[in-house]
Amino acid sequence: MLDINVVRKNPELVKENIRKKFQDHKLALVDEVIALDTQYRQAKTKADDLRAQRNSLSKKIGVLMGQEKKDEANATKALVNAMAKELSDLESTEEPLLDQIKQRMMQIPNLIDPTVPIGKDDSENVERYRVGEAVIKSFDVPYHIDIMEKLAGVDLDAARKVAGNGFYYLMGDVARLHSAILSFARDFMIDKGFTYVIPPFMIRSEVVTGVMSFSEMENMMYKIEGEDLYLIGTSEHSMIGKFIDTIIEEDQLPYTYTSYSPCFRKEVGAHGIEERGVYRIHQFEKQEMIVVCKPEDSQKWFEFMYKTTVDFFRSLDIPVRVLECCSGDLADLKSKSVDVEAWSPRQQKYFEVGSCSNLTDAQARRLQIRVTGKEGKYFAHTLNNTVVAPPRMLIAFLENNLNEDGSINIPLPLRLYMGGKEVLTPKK
RNA sequence: GGAGGAAUACCCAAGUGGUUGAAGGGGGCGGUUUCGAAAACCGCUAGGAGUUGCAAGGCUCGCGCGGGUUCAAAUCCUGCUUCCUCCGCCA
């Protein structure tokens, strides 16, 4: 959400930003906001004036009552009543105008960072760099579920029976690997100085509507029946929710958190063939990172955050590339975003395993996350990034560390978490 | 889950319809005194949002949150949240 002052003072800048995102249908919103805002301020000024009159007359009534001058008091009451209708009419326009302004402001996208490449959609995202050799194996790499089944590590049939499509039983070494990766990710981030957090896995509707749009809510969130609670789709929801309507002392910044949570998503909508297995599921687990910082530091943190994910994947011998989202593929709240993609030796292409975003002050303004410092009050910058989200990440892990005999190499950092095992051997 | 009680500013706390847009105390800040400090004394201290104005400033909103009653709400009604005490249940 933009500062309405930017829209007032620099509508052309806002429109140019909309054009860069190929959302020309939203151009009209800018002028609508300006018109509604003018109307609102007129109504407010007038209503404030009437309220001031009413307040002073009411005070007078109080004094008159105290002096037992009933008649004068009643005469004054009549004066207030005379303007009551005008005031209530004005008041009934104030709120709807404010709602209409807000509803439009929410649709106007955040100003994109000047470094963001201009493009219509994800086909125009720009590869920034690759790290690690994207190996093409000398043998056929099986589908990830087949690799897991060889290790006796997954049971999707039972999961479908018990919970339905989009769930899984991970078992044995694969389940342990899943936990090992999360534990390693947690310690990896703690070593980087982040604070480990386990947040609530359910949040109130108030928080849900704060942190996401209505359509996101419809398409993602599971509601608990009979309760005002939703299962989180990512720990970012509860982690950013933590800061709603707060004023932070400047010297407390930055907050650098790494949070663990299971994530629940409805995943409404059709998905392609490569999204089967444990690629796109209703339940997964994720180690996340969240930073709340001063505006001048957010770009620095952005770089640090996605590079940390790259380092994490590299420490597990998985080749990755960093793909920068172009203007058209950038969600409205984001100023800049990159996807970290892992190499799939089976598909011989990279696929998304994490996403790093700088929301600048847009999320903070929407949620009223403010900082008070020497220079006065201002909105914080917020960023979020995936450290790792298994079981999707397991796909990349298993494919990259797979040997021809079906065994899986365990990279050094994970061995501590895997009881010292250097390799997983097929069970069948 | 049930029954009671509570929520007021940085902290404690008074306040049950009208010069309370919030007493009093503590703390903080400034001053007097002092070589310096302590003590004492004097003064200031509501954080925030919006709006208006060139500015100084004005106005509106604001007593956990949301509605309502009233000319007027911290105060009355109502829904919710959180905390405390007790009971029940439970990893």
Side-chain angles (χ1 to χ4, degrees), chain A residues 1-9 33-106 198-211 223-230 237-238 241-252 262 361-380:
Chain A
M1 192 163 163
L2 290 179
D3 183 350
I4 194 158
N5 281 311
V6 173
V7 181
R8 279 178 198 155
K9 288 184 194 140
V33 164
I34 291 170
L36 288 164
D37 180 53
T38 308
Q39 273 185 60
Y40 166 71
R41 287 193 288 173
Q42 278 170 0
K44 178 171 166 52
T45 305
K46 203 154 178 207
D48 276 354
D49 194 48
L50 290 174
R51 277 186 284 256
Q53 285 180 46
R54 184 193 61 193
N55 286 349
S56 79
L57 287 174
S58 289
K59 204 170 262 182
K60 213 177 273 172
I61 294 170
V63 175
L64 291 169
M65 296 293 269
Q67 299 167 347
E68 311 236 329
K69 295 181 181 164
K70 268 234 166 100
D71 292 346
E72 278 183 60
N74 282 331
T76 313
K77 264 191 213 182
L79 282 176
V80 180
N81 278 327
M83 62 191 228
K85 185 166 178 347
E86 193 184 358
L87 181 57
S88 78
D89 285 351
L90 275 170
E91 281 181 335
S92 64
T93 64
E94 277 179 297
E95 192 110 333
L97 280 168
L98 218 47
D99 285 347
Q100 287 177 56
I101 292 166
K102 191 173 179 199
Q103 187 251 330
R104 284 166 178 76
M105 285 300 290
M106 300 265 242
I198 301 175
F201 301 155
M202 298 184 203
I203 52 177
R204 290 184 207 284
S205 59
E206 196 182 57
V207 178
V208 177
T209 52
V211 298
K223 186 176 189 337
I224 305 296
E225 195 177 329
E227 306 270 344
D228 180 33
L229 284 172
Y230 290 78
H237 296 154
S238 30
K242 188 176 188 290
F243 291 98
I244 292 177
D245 219 8
T246 55
I247 299 175
I248 302 162
E249 295 282 346
E250 192 175 59
D251 56 17
Q252 298 289 302
D361 63 0
Q363 187 175 42
R365 180 171 297 103
R366 182 167 162 183
L367 300 177
Q368 296 293 302
I369 302 171
R370 283 162 298 169
V371 182
T372 157
K374 294 169 219 80
E375 317 270 290
K377 236 159 246 98
Y378 56 90
F379 288 104

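None of these values were measured; they are calculated from a predicted model. Residue numbers begin at 1 in each chain, while the letters A, B, ... track the order of the sequences.
- Between the C1' atoms of B:C76 and B:G15, the separation comes to 15 Å (whole Å).
- Among the atoms of the strands shown, base atoms are found under 4.0 Å from some heavy atom of A:Asn55.
- Of the C1' atoms belonging to B:C65 and B:C83, the separation is 15 Å, rounded to the nearest Å.
- A:Lys60 NZ: 12 or fewer foreign heavy atoms inside a 6.0 Å radius.
- The side chain of A:Thr45 approaches B:U51 more closely than any other nucleotide in the set B:G50, B:C71, B:U51.
- Pair assignment for B:U70 gives none, since no Watson-Crick or G-U wobble pairing has each distance under 3.5 Å.
- Base pairing analysis places B:C65 opposite B:G79; the two distances defining the Watson-Crick or G-U wobble pair are each below 3.5 Å.
- Closest heavy-atom contact between A:Val371 and A:Glu249: CG1-C, 4.4 Å.
- Nucleotides B:U34 and B:C12 have their P atoms positioned 38 Å apart, rounded to a whole Å.
- A:Glu95 places its CD atom 11 Å from the P atom of B:G66, with the value rounded to the nearest Å.
- For the pair A:Leu229 CG and B:C80 C1', the interatomic distance rounds to 14 Å; values are reported in whole Å.
- One finds no side-chain N or O of A:Arg41 lying less than 4.0 angstrom from the OP1 or OP2 phosphate oxygen of B:G50.
- Each of A:Ile247 and A:Asn81 has a nearest nucleotide on RNA chain B; the 5'-most of these lies closest to A:Ile247.
- In this structure, CZ of A:Phe379 is placed 8 Å from P of B:A49, rounded to the nearest angstrom.
- Between A:Val211 and A:His237, the closest heavy-atom pair is CG2-CD2, 3.8 Å.
- We find that CE of A:Met83 is positioned 12 Å from C1' of B:A72, with the value rounded to whole Å.
- Base pairing analysis places B:A14 opposite nothing; no Watson-Crick or G-U wobble pair with both distances below 3.5 Å involves it.
- Using atom C1' as the reference point in both B:A74 and B:A46, the two lie 15 Å apart (nearest Å).
- Comparing B:C87 with B:A9, their P atoms are spaced 31 Å from each other, to the whole Å.
- Here the rule is salt bridge (Lys or Arg N to Asp or Glu O under 4.0 Å) with A:Asp37, and of A:Arg104, A:Lys9, A:Arg8 only A:Arg8 fits it.
- You'll find that the side chain of A:Arg54 is closest to B:C71, out of B:C71, B:A49, B:U52.
- Look at the P atom in both B:U78 and B:A39: the space between them is 50 Å, to the nearest Å.
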Step-by-step salt bridge (Lys or Arg N to Asp or Glu O under 4.0 Å) determination, A:Glu86 to A:Lys46: CA-CA 10 Å; A:Glu86 193 184 358; A:Lys46 203 154 178 207; 3.7 Å; yes
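- Ion pairing of A:Glu91 with A:Arg51 is present here, as a side-chain N (NZ or NE/NH1/NH2) and a carboxylate O approach within less than 4.0 Å.
- Pair assignment for B:A37 gives none, since no Watson-Crick or G-U wobble pairing has each distance under 3.5 Å.
- Between A:Asp48 atom CG and B:A49 atom P the separation is 16 Å, expressed in whole Å.
- When the C1' atom of B:U52 is taken as reference, atom CZ of A:Arg51 falls 14 Å away, rounded to whole Å.
- Here the P atom of nucleotide B:C71 and the CD atom of A:Glu72 are 19 Å apart, to the nearest Å.
- The partner of B:A3 is B:U85, by the rule that a Watson-Crick or G-U pair needs both atom distances under 3.5 Å.
- When the P atom of B:A49 is taken as reference, atom CG of A:Asn5 falls 13 Å away, rounded to whole Å.
- The base-pairing partner of B:C44, taking Watson-Crick or G-U wobble contacts with both distances under 3.5 Å, is B:G28.
- Residue contacts shown for A:Leu57 are absent, as no nucleic acid heavy atom lies under 4.0 Å away.
- Residue A:Arg8 is in sugar-phosphate contact alone, with no base atom involved, counting any heavy-atom pair closer than 4.0 Å across all strands shown.
- A:Ile61 and A:Ala73 get closest at one heavy-atom pair: CG1-O, 4.1 Å.
- In this structure, A:Glu227 and A:Asp49 both approach RNA chain B, and ranking their closest nucleotides by distance from the 5' end singles out A:Glu227.
- Surrounding CD of A:Glu206 are at most 12 heavy atoms belonging to other residues, nucleotides or ligands under 6.0 Å away.
- Heavy-atom distances under 4.0 Å link RNA chain B to A:Arg204 of residues 203-210 of chain A, given in residue order.
- Here the closest heavy-atom approach between residue A:Ser238 and residue A:Pro200 is recorded as OG-O, 3.0 Å.
- Judged by distance alone, the side chains of A:Tyr40 and A:Gln100 never bring a donor and an acceptor atom under 3.5 Å apart.
- Which of B:A49, B:G21, B:G50 sits closest to the side chain of A:Arg370 comes down to B:A49.
- Here, B:C89 and B:G66 have their C1' atoms 32 Å apart, quoted to the whole Å.
- With C1' as the reference atom, B:C61 and B:G30 are 31 Å apart, rounded to whole Å.
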